[in-house]
Amino acid sequence: PSQECQVIEAARQLQRFGVRGVSSDCGFLIAYQDAVRERLEVPVFLSSLLQVPLVAASVTGPIGVVVASSAGVNERVLALAGVRETSRIVVRGMEDQPHFTESILEQGGTLDSDRIERETVSAVKQMVAKHPDMGAVVLECSLLPPYSRAVQDATGLPVFDYITMIDYFQAGTHRTRYRGFY
């Protein structure tokens, strides 16, 4: 079966287990978002890129999108995520960061988390230096959320990743009774 069929079947199995929503950690699964959503009865949010239109609607200035490899992100991919206006989107790949490339893209050995954090912060700071009016950052790559706080601390910008996406949808699908005062 095709990769799309495998993703759909995996999502259907999760639905049969009783989940209230289906997510993924890889932003590039946006390619299957519509196909999976159309075949499930629960919300589907397969890509952190789905947050880009919401973030763009809420801040002024460019939106930085940090991806594992910038070669995989183009207007078509952004359109699949609902991004209609790409002029404010600044894509920054991590493929030029030595340790990220060696340990993640080339799967070559041990990952030094402190080093990846430094590379991630450096890459985002370079992006912000080129676009000082940047309004927010979206980390597409599923390996980058551990560094969201460091990026936020270094830039002062709101930072979104697949964890923020899952938290958002979980809040909508698992409401708790309100306790307190308005």
Side-chain angles (χ1 to χ4, degrees), residues 2-8 10-11 23-37 44-56 59 61-113 115-148 150-152 154-155 157-166:
S2 72
Q3 203 167 21
E4 180 176 292
C5 290
Q6 292 173 348
V7 171
I8 291 168
S23 69
S24 79
D25 63 351
C26 181
F28 292 122
L29 282 175
I30 193 65
Y32 306 116
Q33 173 69 30
D34 288 343
V36 175
R37 178 184 42 82
V44 174
F45 33 100
L46 295 184
S47 172
S48 55
L49 294 174
L50 291 168
Q51 298 172 101
V52 174
L54 177 62
V55 171
V59 301
I63 312 305
V65 178
V66 181
V67 301
S69 173
S70 58
V73 179
N74 55 35
E75 287 192 14
R76 179 186 142 314
V77 170
L78 292 170
L80 289 170
V83 177
R84 301 293 172 240
E85 176 55 51
T86 60
S87 65
R88 291 179 51 212
I89 309 304
V90 178
V91 176
R92 172 64 160 88
M94 292 290 291
E95 66 269 7
D96 66 342
Q97 300 299 310
H99 188 62
F100 185 90
T101 296
E102 177 188 341
S103 63
I104 295 171
L105 297 179
E106 296 172 356
Q107 300 177 359
T110 305
L111 184 145
D112 180 338
S113 187
R115 198 164 161 201
I116 297 290
E117 180 175 290
R118 287 191 299 273
E119 288 182 349
T120 304
V121 168
S122 174
V124 175
K125 285 174 76 173
Q126 290 169 21
M127 189 171 46
V128 171
K130 290 181 184 176
H131 304 276
D133 59 338
M134 186 159 290
V137 175
V138 176
L139 302 177
E140 171 276 327
C141 179
S142 64
L143 296 168
L144 297 180
Y147 317 114
S148 292
V151 169
Q152 189 173 65
T155 64
L157 294 172
V159 178
F160 302 88
D161 53 40
Y162 84 91
I163 302 295
T164 60
M165 178 187 69
I166 291 169

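Note that the structure is a prediction, hence the values are computed from the model and not measured.
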> Mind checking what makes side chain to side chain contact (heavy atoms under 4.5 Å, CB included) contact with Ile166, not counting sequence neighbours?
Replying inline: Ser23, Phe45, Tyr162
>> Just to verify, what does Phe28 make a ring pair (Phe, Tyr, Trp, His ring centres under 6.0 Å) with, not counting sequence neighbours?
In response: none
> So, do Val65 and Val73 sit near enough that their side-chain heavy atoms are less than 4.5 Å apart?
Replying inline: no
> Pairs in or reaching into residues 83-108: which pass salt bridge (charged side-chain N to carboxylate O under 4.0 Å, His left out), with residues at least two apart or in two chains?
Replying inline: Arg92-Asp96
>> Once side chain to side chain contact (heavy atoms under 4.5 Å, CB included) is applied, do any residues pair with Ile104, and if so which ones, sequence neighbours excluded?
In response: Phe100, Leu111, Ile116, Leu143
> When you measure from the side chain of Asp161 to the backbone N and O of Thr164, does any donor-acceptor pair fall under 3.5 Å?
Replying inline: yes
> Glu117 side chain to Tyr147 main-chain N or O, any donor-acceptor pair under 3.5 Å?
Replying inline: no
>> As an exercise, state the distance from CE of Met94 to CG of Leu144, rounded to the nearest 0.5 Å.
In response: 5.5 Å
> Would you say Gln51's side chain and Ser48's backbone share a donor-acceptor pair under 3.5 angstrom?
Replying inline: yes
> Shortest non-hydrogen contact from Pro62 to Val90?
Replying inline: CB-CG2, 3.9 Å
>> Nearest 0.5 Å, please: how far is SG in Cys26 from CD in Glu140?
In response: 5.5 Å
>> According to side chain to side chain contact (heavy atoms under 4.5 Å, CB included), who are the partners of Thr110, at least two apart in sequence or on a separate chain?
In response: none
> With sequence neighbours excluded, what pairs up with Arg118 under the side chain to side chain donor-acceptor pair (under 3.5 Å) test?
Replying inline: none
> Is there side-chain contact between Ser148 and Leu139, with heavy atoms separated by less than 4.5 Å?
Replying inline: yes
> Do the side chain of Ser2 and the main chain of Cys5 share a donor and acceptor less than 3.5 angstrom apart?
Replying inline: yes
> Where do Ser47 and Ser24 come nearest, in terms of heavy atoms and distance?
Replying inline: N-OG, 4.3 Å
> Is Asp34 close to Arg37 at the side-chain level, that is, under 4.5 Å between some pair of heavy atoms?
Replying inline: yes
>> Rounded to the nearest 0.5 Å, what separates atom CG in Leu46 from atom CE in Met165?
In response: 7.5 Å
> Rounded to the nearest 0.5 Å, how far does CG of Leu80 lie from CG of Asn74?
Replying inline: 8.5 Å
> Would Val66 and Met127 satisfy side-chain contact (heavy atoms from CB on, under 4.5 Å), going step by step from the backbone distance to the final call?
Replying inline: CA-CA 9 Å; Val66 181; Met127 189 171 46; 3.7 Å; yes
> Can any side-chain N or O of Gln97 pair as donor or acceptor with the backbone N or O of Thr120 at less than 3.5 Å?
Replying inline: no
> Are the side chain of His99 and the backbone of Glu119 linked by a donor-acceptor contact shorter than 3.5 Å?
Replying inline: no
>> Could you tell me if the side chain of Pro53 sits less than 4.5 Å from the side chain of Val83, heavy atoms only?
In response: yes
